[in-house]
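Structure first, commentary second.
In this text the structure is predicted, and so the values were computed from the model without any measurement. The first residue of the sequence shown is numbered 1, and numbering continues consecutively from there.
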Amino acid sequence: MKIAVTYEEGNVYQHFGHTKQFKVYDIEEGRVSAAQVVDTEGNGHGALAGMLLGLHVDTLICGGIGQGAQEALAEAGIRLYGGVSGSTDEAVDRLLAGNLVFNPNVHCDHSHGHHGEGHHHSDGHHCGQNKHGCAGN
């Protein structure tokens, strides 16, 4: 098993499509055997699912995530645990212990001005940069 978590300064980054890094955990016999931080190298929304697939990731933990990205992950066969916040290491430990609190209906449901560079919302903020509940909690 290989788990990726959207990553920023030790915590779950709150918008999948804008994450600059993933922390990727190798799991053997129900325990973390290795972990590394991987840069997304500027890949955004659509390319991230392919990047994770290339890393042989089968599980993703994140905060907020849009419907298109969810569909791309599903097509890639990557299991999604969204709506998570806090420490990435603790989130992985909770998942392995079977007690990760997540939102199976996670989404970023704000009206989007446009997708692409900037990913602005109609109220002028960027998803993940304000504590506005983008994780769907």
Side-chain angles (χ1 to χ4, degrees):
M1 173 185 235
K2 203 170 229 189
I3 302 170
V5 185
T6 53
Y7 182 82
E8 183 178 61
E9 297 178 8
N11 291 309
V12 178
Y13 186 69
Q14 290 303 300
H15 194 289
F16 172 78
H18 290 278
T19 192
K20 293 182 176 149
Q21 296 180 313
F22 288 103
K23 189 162 183 182
V24 180
Y25 299 80
D26 292 312
I27 309 301
E28 294 178 15
E29 298 180 14
R31 295 183 178 190
V32 175
S33 62
Q36 65 177 340
V37 175
V38 178
D39 289 330
T40 63
E41 299 175 8
N43 288 316
H45 291 90
L48 291 176
M51 177 188 169
L52 292 174
L53 194 58
L55 292 169
H56 307 288
V57 167
D58 54 39
T59 303
L60 172 71
I61 298 172
C62 68
I65 184 169
Q67 187 62 39
Q70 289 183 44
E71 290 169 6
L73 291 169
E75 287 176 21
I78 298 172
R79 185 176 304 128
L80 172 64
Y81 294 90
V84 178
S85 61
S87 161
T88 57
D89 292 346
E90 289 174 12
V92 169
D93 288 345
R94 288 191 306 262
L95 178 65
L96 295 175
N99 60 13
L100 178 66
V101 175
F102 67 99
N103 181 349
N105 299 310
V106 68
H107 60 283
C108 190
D109 62 356
H110 303 286
S111 299
H112 294 77
H114 67 302
H115 283 275
E117 203 69 40
H119 188 73
H120 295 280
H121 292 294
S122 60
D123 62 1
H125 71 272
H126 295 277
C127 194
Q129 291 182 345
N130 292 324
K131 293 180 174 80
H132 67 283
C134 189
N137 297 355

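- Y7 belongs to a hydrophobic cluster with V37, counting contacts under 4.5 Å between side-chain heavy atoms of Ile, Leu, Val, Met, Phe, Trp and Tyr, direct or through other members.
- Side chain of T6 to backbone of Y13: a donor-acceptor contact under 3.5 angstrom is found.
- The structure places CG of L95 at 5.5 Å from CE of M1, a figure rounded to the nearest 0.5 Å.
- With rounding to the nearest 0.5 angstrom, the CG atom of L53 is 12.5 Å from the CG atom of L48.
- Within the 4.5 Å cutoff, the side chain of V32 has no heavy atoms near those of the I3 side chain.
- Side-chain contact between I61 and F102 is absent, with no heavy atoms from C-beta onward closer than 4.5 Å.
- For the pair V57/F22, no side-chain contact is recorded, criterion being any heavy-atom separation below 4.5 Å from C-beta on.
- Using a distance-only test at 3.5 Å, with no hydrogens or angles considered, a donor-acceptor pair links the side chain of N103 to the main chain of N105.
- Contact detail for V84 and A91: the closest heavy-atom pair is CG1-CB, 4.0 Å.
- No donor-acceptor distance shorter than 3.5 angstrom exists from the side chain of Q14 to the backbone of I65, with no hydrogens or angles considered.
- Between the side chain of T19 and the main chain of T40, no donor-acceptor pair closer than 3.5 Å is present.
- Within the structure, the ring pair (Phe, Tyr, Trp, His ring centres under 6.0 Å) test picks out no pair touching residues 51-71 (sequence neighbours left out).
- Here the side chain of K2 pairs a donor or acceptor atom with the backbone of L55 at under 3.5 angstrom.
- In this structure the side chain of E8 never reaches within 4.5 angstrom of the side chain of H18, judged on heavy atoms.
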